[in-house]
Student: 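For reference, the structure I am asking about is given below.
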Amino acid sequence: MDGVTASSTARTPLSPHPDRLLPVDPGQRAIARRLYDSVRDLPLISPHGHVDPALLAADEPFTDPASLLVTPDHYVTRLLHAHGKSLNELGLGDGDGAPTAKPREVWRAFCSHWHHFLGTASRQWIESELHDVLGVRSQPSEATADELYDELVDKLAQPALRPRALFESFNIEVLATTDDPADDLRHHQALAADPSWSGRVVPTFRPDRYLDATGQGWQRALDELAQAGGIDTDSYQGLVRALEARRDHFREHGATATDHGAPSPEMAFLPADEASRLFDSVRRGTATPEEARLLSRQLLGESARMSSEDGLVMALHTGSCRNHHSPTFSRYGADTGHDIPVRNEFTLALRPMLERFGTHPRFQSVVFTLDETVFSRELAPLAGFYPTLYLGAPWWFLDAPRAMRRFRDAVTETAGFHRTAGFVDDTRGFCSIPARHDTARRVDAGHLASLVAEHVMGEEDAAAVLHDLNDALPRKAFRL
């Protein structure tokens with residue numbers, strides 16, 4: 001064992017404080033409480049996340065706490081990995097055929113490392129999941145691991161904790177999933193056709209692997225897209241038509257946005273004949289790495305052009321060095337906890353897009369970044385001028401309470417509140433959705449309370465802003 005051992009040897013009650021994340025100052029805390037209470041029960045608008053729609057279409061009971069709370073959540077697995085647990089020990093399969101740990105063993109590993117989550121946003125979310133969603137009243141620990149596992153297995157078998165029942169209890173008004181363009185969207189269709197289902201779940205068009213001409217799987221991806229849409233992708237024009245057709249397919253099934261996890265926000269807008277020559281060179285394997293990157297930027301620019309025509313909101317999630325540890329990527333694949341932030345530049349990178357579409361009546365973009373140094377220097381001034389550009393919420397490594405506060409401090413004085421897009425939970429952990437939204441509501445209530453206490457605004461205006469951040473703004477920014 002390392003330095004902190006109390007949580008692994010003693011039974012400790014699990015009881016999240018009702019004033020968690022609210023200001024310390026008593027006067028501000030009182031204001032923040034009132035503001036938070038005014039929005040705590042609002043429906044959840046979730047315009048970006050990674051919940052599998054098959055979960056709701058099938059509505060099968062969750063089997064155990066490890067597969068629900070640990071294995072699918074790379075916020076959790078990455079930190080456990082940092083403390084010496086292999087991803088096999090956390091339930092992730094690999095290409096080598098090594099046996100994965102059984103769910104109870106995964107849960108024991110998680111509980112024995114519970115103290116390592118102290119101070120992290122993940123700890124707060126999981127405490128809320130355990131206490132508010134699953135009714136657990138004891139902290140995880142080595143001593144309680146098996147008892148909690150058995151308790152949760154019994155609870156998860158109850159009808160009230162099946163996926164659809166949880167969706168309703170979470171008060172989710174709309175949930176956007178993230179979907180590959182080649183997806184037939186059968187799970188979305190099944191939900192739409194089910195008379196017993198009244199929730200709203202919409203797809204989001206995520207074309208990254210078709211736009212990234214530098215990727216090893218790009219050629220194979222184009223073949224899959226051609227098969228899915230019935231349009232030949234052996235030419236640049238064919239690929240563009242195939243992407244346009246699949247966007248139409250998504251729109252027909254309720255999509256309002258696209259999502260782009262590009263390395264950077266740079267885009268190119270080449271003449272058609274030049275783009276075609278570049279595509280042919282990359283497709284043949286004769287292009288240089290820089291030419292492949294240029295084609296990727298060109299395809300991202302085509303996506304912006306498409307959004308100006310079909311009205312799908314263009315969400316840009318940029319600034320990640322994907323699959324930082326090659327051996328882990330080779331063994332376990334993508335999205336296994338080793339994507340790491342990098343710096344981005346936006347003022348010059350976005351200029352070609354904004355020159356064309358910054359005042360376009362149909363175009364709309366929501367820009368996210370993992371580089372918080374650009375919030376006040378670049379993004380807030382851009383959003384403070386261009387009517388088509390909204391600032392995305394702090395995302396991923398920045399979706400922690402203090403980072404959320406820094407975001408508000410950095411952008412509000414330049415762009416105001418209403419050039420931001422509300423909150424996105426960006427989660428694969430289904431039960432963390434209400435916890436993450438609750439965190440954002442508490443943090444924003446505290447920020448607004450400080451402005452009220454400083455007499456920058458009145459409490460009535462602050463309450464209206466907080467309501468907009470949780471309702472009107474995500475609807476408007478993502479055209480929901």
Side-chain angles (χ1 to χ4, degrees), residues 45-51 53 174-185 188 201-213 215 218 221-222 224-225 228-229 231 233 239-269 296-320 322 349-350 352-354 356-358 360-369 386 388-393 395-396 421-422 424-426 474-480:
I45 310 295
S46 180
H48 171 75
H50 301 279
V51 172
V174 58
L175 174 70
T177 61
T178 304
D179 310 272
D180 190 281
D183 195 312
D184 60 11
L185 302 181
H188 290 87
V201 180
V202 299
T204 300
F205 189 82
R206 179 70 177 259
D208 289 351
R209 68 191 186 106
Y210 308 98
L211 308 188
D212 181 9
W218 183 66
L222 297 196
E224 293 176 18
L225 185 66
I231 297 176
T233 57
L239 173 57
V240 169
R241 286 195 300 270
L243 289 167
E244 290 173 333
R246 297 310 292 173
R247 290 168 68 105
D248 288 343
H249 177 71
F250 272 58
R251 289 172 60 231
E252 290 166 3
H253 290 87
T256 68
T258 68
D259 186 65
H260 303 268
S264 87
E266 289 184 87
M267 300 181 201
F269 296 88
S296 300
R297 296 195 293 271
Q298 169 68 15
L299 290 169
L300 192 61
E302 284 282 13
S303 295
R305 189 268 306 165
M306 293 176 199
S307 283
S308 75
E309 295 174 1
D310 63 22
L312 289 177
V313 175
M314 186 179 195
L316 279 168
H317 285 81
T318 67
S320 174
R322 302 283 179 181
L350 288 179
M353 179 189 83
L354 293 170
R356 290 163 174 80
F357 310 121
H360 194 284
R362 293 205 72 188
F363 183 76
Q364 197 156 289
S365 179
V366 181
V367 177
F368 298 81
T369 182
Y386 288 100
T388 63
L389 190 148
Y390 288 83
L391 300 184
W395 158 59
W396 196 12
V424 299
D425 50 71
D426 186 39
R475 293 181 195 274
K476 183 178 182 181
F478 287 90
R479 290 180 169 158
L480 291 167

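Quick note: residue numbers are just sequence positions, from 1. Computed from a predicted structure; not experimentally measured.
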Student: Please report the closest heavy-atom contact between L243 and L211, naming both atoms and the distance.
Tutor: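 Minimum heavy-atom separation between L243 and L211: CD1-CD2, 3.9 Å.
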Student: Any side-chain to backbone donor/acceptor pair from E244 onto M306? Under 3.5 Å, distance only.
Tutor: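 Not at all, since once roles are kept as given, no pair shorter than 3.5 Å links the two residues.
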Student: Between L350 and P265, what is the shortest heavy-atom contact and its length?
Tutor: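 Nearest heavy atoms, L350 then P265: CD2-CB, 3.8 Å.
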Student: Checking salt bridge (Lys or Arg N to Asp or Glu O under 4.0 Å) for the pair R305/E302: CA distance, chi angles, key distance, verdict?
Tutor: CA-CA 5 Å; R305 189 268 306 165; E302 284 282 13; 2.8 Å; yes
Student: Which atom pair, heavy atoms only, marks the closest approach of P181 to L225?
Tutor: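 Here P181 and L225 meet closest at CB-CD1, 4.1 Å.
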Student: List the steps, then state whether side-chain contact (heavy atoms from CB on, under 4.5 Å) holds for I45 with R475.
Tutor: CA-CA 8 Å; I45 310 295; R475 293 181 195 274; 3.7 Å; yes
Student: Work out which heavy atom in T256 is nearest to a heavy atom in F478; give both atom names and the distance.
Tutor: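 Scanning both residues completely, I find the closest heavy atoms to be OG1-O, 2.7 Å.
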Student: Below 4.5 Å, heavy atoms only, C-beta onward: do H260 and D208 meet side chain to side chain?
Tutor: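 In contact.
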Student: Donor-acceptor pair, S296 side chain versus D212 backbone, under 3.5 Å?
Tutor: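 Side chain of S296 to backbone of D212, a donor-acceptor pair under 3.5 Å: no, none is there.
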Student: As a test of understanding, state which of V201, D183, V202 forms a side chain to side chain contact (heavy atoms under 4.5 Å, CB included) with H188.
Tutor: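 It is V201; the other options fail the test.
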Student: Taking atom types as modelled, find out whether R297 and S264 have a side-chain donor-acceptor pair closer than 3.5 angstrom.
Tutor: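 On atom types as modelled, these side chains do not qualify, holding no pair under 3.5 Å.
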Student: What's the shortest heavy-atom distance between G422 and A393, and which atoms?
Tutor: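 Minimum heavy-atom contact is O-CB, 3.2 Å.
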Student: Quick one: pull up CG in L299 and OH in Y210 and give me the separation to the nearest 0.5 Å.
Tutor: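 Interatomic distance, L299 CG to Y210 OH, rounded to 0.5 Å: 13.0 Å.
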Student: If the plane angle is over 60° it's perpendicular, under 30° parallel, otherwise tilted; pick one for F368 and H48.
Tutor: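 Judged by the thresholds at 30° and 60°, the geometry between F368 and H48 is tilted.
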Student: If you apply the rule side-chain contact (heavy atoms from CB on, under 4.5 Å), what do you find for R479 with L312, and how did you get there?
Tutor: CA-CA 8 Å; R479 290 180 169 158; L312 289 177; over 6 Å; no
Student: Rounded at 0.5 Å granularity, tell me how far CE in M314 sits from CG in L389.
Tutor: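 Between atom CE of M314 and atom CG of L389 there are 11.0 Å.
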Student: Under a 4.5 Å cut-off applied to non-hydrogen side-chain atoms, are M267 and L316 in contact?
Tutor: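 With C-beta onward as the side chain, the pair touches.
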Student: Going by ring-ring contact (aromatic ring centres under 6.0 Å, His included), F363 matches just one of Y386, F357, Y390. Which one?
Tutor: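 Result for ring-ring contact (aromatic ring centres under 6.0 Å, His included) with F363: F357.
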Student: Looking at H249, is its backbone amide N or carbonyl O close enough to the side chain of H253 to form a donor-acceptor pair, meaning the two atoms are under 3.5 Å apart?
Tutor: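 It does hold such a pair.
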Student: Give the minimum heavy-atom separation between T178 and G49, together with the two atoms involved.
Tutor: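 Heavy atoms only, the tightest pair is OG1-O, 2.6 Å.
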Student: I need the R241 CZ to T233 OG1 distance, nearest 0.5 Å.
Tutor: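 Between atom CZ of R241 and atom OG1 of T233 there are 10.5 Å.
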Student: When rounded to the nearest 0.5 angstrom, what distance separates OG in S307 from CZ in F205?
Tutor: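 Between S307 OG and F205 CZ, I get 9.5 Å after rounding to 0.5 Å.
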Student: Could you go through V367 and T318, starting from their C-alpha distance and side-chain angles, then the distance that decides it, and tell me whether this counts as side-chain contact (heavy atoms from CB on, under 4.5 Å)?
Tutor: CA-CA 8 Å; V367 177; T318 67; 5.6 Å; no
Student: Give, for atom CZ of R247 and atom OG1 of T258, the distance between the pair rounded to the nearest 0.5 Å.
Tutor: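 Reported to 0.5 Å precision, the distance equals 5.5 Å.
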Student: Answer whether the closest heavy-atom distance between the side chains of M353 and S365 falls below 4.5 Å.
Tutor: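 Answer yes - side chains close enough.
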Student: Out of curiosity, D180 CG to T204 OG1, how far, rounded to the nearest 0.5 Å?
Tutor: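 With rounding to 0.5 Å, CG (D180) is 12.5 Å from OG1 (T204).
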Student: Is any side-chain heavy atom of F250 less than 4.5 Å from a side-chain heavy atom of L185?
Tutor: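 Contact flag for F250/L185 side chains = yes.
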Student: Check whether any side-chain heavy atom of V174 sits under 4.5 Å from a side-chain heavy atom of P474, and report yes or no.
Tutor: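 Heavy-atom side-chain distance check fails, nothing below 4.5 Å.
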